[in-house]
**Q** 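Here it is: the structure, laid out below.
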Amino acid sequence: MFALIDGNNFYVSCERVFRPSLNGLPVIVLSNNDGCAIARSNEAKALGIKMGAPWFQIRHMEESHGLIALSANFALYGDISDRVASLTAGFGPRQEIYSIDESFIDLTGVRGDHVARGRRMRDRILDWVGIPCGIGIGQTKTLAKLANHVAKTAERKPGSYPAKLSQVCDFSTLSPDELLDVFAHTNVEEVWGIGRRIAVQLNTGGVFTVADLVKLDAATVRRGWSVVLERTVRELQGVSCVDIEDIPPDKKEIASTRSFGQVVTSKADLTEAVTDFAARASEKLRKQRGLAGQVHVFIRTSPFRKDDPQYSRSITIPLRRPSCDTIKIAGAAVLGLDAIYKPEFRYAKAGVMLLDLQPDSIVQDELDLDDEPKDAGRLMTAMDVLNRRYGKGTVIVGSSGTAGAKRAWSMKQERRTPAYTTCWEDMPRVRA
DNA sequence: TCTGGGGTCCTAGGACCC
DNA sequence: TCTGGGGTCCTAGGACCC
């Protein structure tokens, strides 16, 4: 038995913790560069605002509907996420932190009334951290996910499902007929693993609801689609195919990519950006004690600006030996940029990806043919420590641009709230 | 003017091997 | 007329997730 606990409209709920005046109002959180909506309060959803809606297209609703938009404040969301996860960990013996706002919990061996425990857990998270959650419980992870969807939908749209399933929904409390009824009222695209493309294909084949899908024969699904969908169908049928990953595996690739706040054309600006991305990616790499064998760089124009000539190129640069050294990785990234840069285009986005990752414990030694400094690793450690203690950007690589100068490529965030819980200066003050 | 970022897994097809 | 069989590895692209 598995549970899935996740925060409702998570980013918006995080913002509301420190600004309760936002309760009851249509609020959205915007992506980087204030580009598009990535989280919506129930009130914003009710206004018809879609996930991913470009801000410039819905901005008029500020005036007309009192819509409130905030820039993404990931420092805040990450910290609140940790607090929620530390509470949900108590719900069962094993926990998989699946995303910034979701945990799977293995309920094997947990006795008693799961629904009652779920409601207590929900109350505690709301009291202690301030985040409203939904909890779904089922025999497989896919069923727990679906139950979670039902729990949240039943709360948000009364009447859509039986009221007893609101907020905390345990499929195992339903009779087979009741469960089938829930399935019949749920479209296939709500199922974990079924996206837009496959939903269309299923619909074409006459499969519209989860009730239709669960009736299919697994082997047929495999022949017609893939092992991935077959697994999903089996999980819906109650056969657990995906276990909890309570120990997060090391990343197989690490990326740092960004759209620019404004169009960039000069190689100097791109060099700064690419160096900065390489530094961010390298830092993540060192955190997982890894080394990269290859560095991938890409630059591209905006596909949305139809009138602009389009250009998109990437290149992969092998490192002579696997490394996590920011200076070497940034060097390779800039080398790659030199190879693909063309001056005549208006660039909108660039990125650096580290590939071919391996743990730093299994380095192949080799003859030391070049006289590189033996203590490069200590330099990186010192950099990481300084940046952790005195704040990001305290020590940077020179080619990423001087911190004081305005970087042409830096991202736009005009509506960001303070880092209430992670920055001393931003801590809220309470007056007596 | 203005459209996010960071991942994973699977499959098909080509290169290559004996 | 008629040109093997079996396998691995790698890559690009598609689909999905939040």
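Please read these numbers as outputs of a predicted model, since none were measured by experiment. The sequence lines fix the lettering, A, B, ..., with proteins before strands; numbering per chain opens at 1.
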**Q** Could you give the CZ-to-C1' distance, from A:Arg222 to B:dC10, as a whole number of Å?
**A**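 A:Arg222 atom CZ is separated from B:dC10 atom C1' by 11 Å.
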**Q** Which residue, A:Arg231 or A:Gly35, contacts DNA chain B at a nucleotide closer to its 5' end, judged by nearest heavy atom?
**A**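 Per heavy-atom nearest nucleotide, the more 5' residue is A:Gly35.
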**Q** Look at the side chain of A:Ile254 and decide which nucleotide, out of B:dG4, B:dG7, B:dG6, has an atom nearest to it.
**A**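 The closest nucleotide is B:dG7.
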**Q** Is any side-chain N of the basic residue among A:Asp276 and A:Arg280 closer than 4.0 Å to the acidic one's carboxylate O?
**A**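 Yes, this pair counts.
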**Q** State whether A:Asp338 and A:Lys267 are salt-bridged, where the test is any N-O pair (Lys NZ or Arg NE/NH1/NH2 against Asp/Glu carboxylate O) under 4.0 Å.
**A**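 So A:Asp338 pairs with A:Lys267 through a salt bridge.
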**Q** May I ask you to decide whether A:Glu62 forms a salt bridge with A:Arg415, counting only side-chain N to carboxylate O separations under 4.0 Å?
**A**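 Salt bridge between A:Glu62 and A:Arg415, a charged N being under 4.0 Å from a carboxylate O: yes.
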**Q** I need the CG-P distance between A:Leu355 and C:dT11, as an integer number of Å.
**A**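 Whole-Å distance recorded here is 10 Å.
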**Q** Considering only B:dC10, C:dC18, B:dG4, which nucleotide approaches the side chain of A:Tyr98 most closely?
**A**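 Per side-chain heavy atoms of A:Tyr98, the pick is C:dC18.
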**Q** Provide, to the nearest angstrom, the distance between the CH2 atom belonging to A:Trp192 and the C1' atom belonging to C:dC17.
**A**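 Nearest whole value for this atom pair: 9 Å.
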**Q** Which is true for A:Val242 with a 4.0 Å heavy-atom rule: it touches a base, it touches only sugar-phosphate, or it touches nothing?
**A**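 Nothing, no heavy atom under 4.0 Å.
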**Q** In whole Å, I'd like the distance from the CG atom of A:Leu229 to the C1' atom of B:dT11.
**A**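 Atom CG in A:Leu229 sits about 15 Å away from atom C1' in B:dT11.
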**Q** Taking the nucleotide of DNA chain B with the nearest heavy atom to each, does A:Val227 or A:Glu253 sit closer to the 5' end?
**A**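 On the 5' side of the pair lies A:Glu253.
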**Q** Rounded to whole Å, please give me the gap between CD in A:Glu102 and C1' in B:dT8.
**A**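 So the two atoms are 15 Å apart, to the nearest Å.
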**Q** Does the gap between the ring centers of A:Tyr98 and A:Phe104 come in under 6.0 Å?
**A**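 Centroid separation for A:Tyr98 and A:Phe104: below 6.0 Å.
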**Q** Report the nucleotide, chosen from B:dT11, B:dC2, B:dG5, that has the shortest atom-to-atom distance to any side-chain atom of A:Lys349.
**A**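 Ranking B:dT11, B:dC2, B:dG5 by closest atom to the A:Lys349 side chain puts B:dG5 first.
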**Q** With respect to the side chain of A:Cys36, which nucleotide from B:dT3, B:dG7, B:dC10 is positioned closest?
**A**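 For A:Cys36, the side-chain atoms sit closest to B:dT3.
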**Q** Is there a side-chain contact between A:Thr257 and the phosphate of B:dG5, meaning an N or O under 4.0 Å from OP1 or OP2?
**A**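 Looking at the OP1 and OP2 atoms of B:dG5, neither is under 4.0 Å from any side-chain N or O of A:Thr257.
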**Q** With sugar-phosphate meaning primed atoms plus P, OP1 and OP2, does A:Lys412 contact a base, only sugar-phosphate, or nothing at under 4.0 Å between heavy atoms?
**A**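 Nothing, no nucleic acid heavy atom in range.
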**Q** Starting at CE of A:Met353 and ending at P of C:dA12, how long is that distance when rounded to a whole Å?
**A**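 Interatomic distance, CE of A:Met353 to P of C:dA12: 12 Å.
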**Q** Any sub-3.5 Å donor-acceptor pair from A:Asp325's side-chain atoms to A:Ile327's backbone N or O?
**A**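 Present.
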**Q** Check the distance between B:dG6's P and A:Met411's CE and give it to me in whole angstrom.
**A**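 After rounding, the gap between these two atoms is 10 Å.
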**Q** How many Å lie between CZ on A:Phe260 and C1' on B:dG5, as a whole number?
**A**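 Those two atoms, CZ and C1', are 14 Å apart.
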**Q** Looking at the side chain of A:Asp101, which of B:dT3, B:dG7, C:dC18 is the nearest nucleotide?
**A**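 Nucleotide nearest to A:Asp101's side chain: C:dC18.
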**Q** From C-beta outward on A:Lys252, which listed nucleotide comes closest to its side chain: C:dC18, B:dT8, B:dT11?
**A**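 Nearest listed nucleotide: B:dT8.
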**Q** When rounded to the nearest Å, what value does the distance between C1' atoms of B:dC16 and C:dG4 take?
**A**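 Roughly 16 Å separates the two C1' atoms.
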**Q** At 4.0 Å (heavy atoms only), tell me whether A:Arg280 reaches a base, stays on the sugar-phosphate, or touches nothing.
**A**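 Answer is nothing: A:Arg280 stays at 4.0 Å or more from every strand.
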**Q** Relative to each other, are the rings of A:Tyr311 and A:Phe345 parallel, tilted or perpendicular (30° and 60° limits)?
**A**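 Taking A:Phe345 first and then A:Tyr311, their aromatic rings lie parallel (interplane angle under 30°).
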**Q** Flag the pair A:Asp384 and A:Arg388 as a salt bridge only when some basic side-chain nitrogen lies within less than 4.0 angstrom of an acidic carboxylate oxygen.
**A**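 Salt bridge between A:Asp384 and A:Arg388, a charged N being under 4.0 Å from a carboxylate O: no.
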**Q** Let's test this: given Watson-Crick or G-U wobble pairing with both distances under 3.5 Å, identify the partner of C:dA12.
**A**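 Because both required distances fall under 3.5 Å, C:dA12 counts as paired with B:dT11.
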**Q** Of the candidate nucleotides C:dA15, B:dG7, B:dG5, which contains the atom at the shortest distance from the side chain of A:Arg197?
**A**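 Minimum distance to the A:Arg197 side chain belongs to C:dA15.
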**Q** Quick one: label A:Ile198 by what it contacts on the DNA or RNA (base, sugar-phosphate, nothing), any heavy atom closer than 4.0 Å.
**A**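 Sugar-phosphate contact only.
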**Q** Mind listing the closest non-hydrogen atom pair of A:Val263 and A:Arg346 along with its distance?
**A**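 Nearest pair, atom of A:Val263 first, then A:Arg346: CG1-CB, 3.5 Å.
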**Q** Is the phosphate of B:dG5 approached by A:Lys284 (side-chain N or O, under 4.0 Å from OP1 or OP2)?
**A**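 Checking A:Lys284 against B:dG5: no side-chain N or O falls below 4.0 Å of OP1 or OP2.
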**Q** Strictly below 4.0 Å, heavy-atom distances to any atom of DNA chain C: list the hits from residues 38-76 of chain A, or just say none.
**A**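 Contacts with DNA chain C under 4.0 Å: none.
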**Q** Side chain of A:Arg305 only, heavy atoms from C-beta on: which candidate in B:dG6, B:dT11, B:dC2 is closest?
**A**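 Selected nucleotide (nearest to the side chain): B:dC2.
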**Q** For residues A:Tyr161 and A:Thr186, is any side-chain donor paired with an opposing acceptor at under 3.5 Å?
**A**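 The answer is yes; a qualifying pair exists.
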**Q** Which is true for A:Ser302 with a 4.0 Å heavy-atom rule: it touches a base, it touches only sugar-phosphate, or it touches nothing?
**A**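 Nothing, no nucleic acid heavy atom in range.
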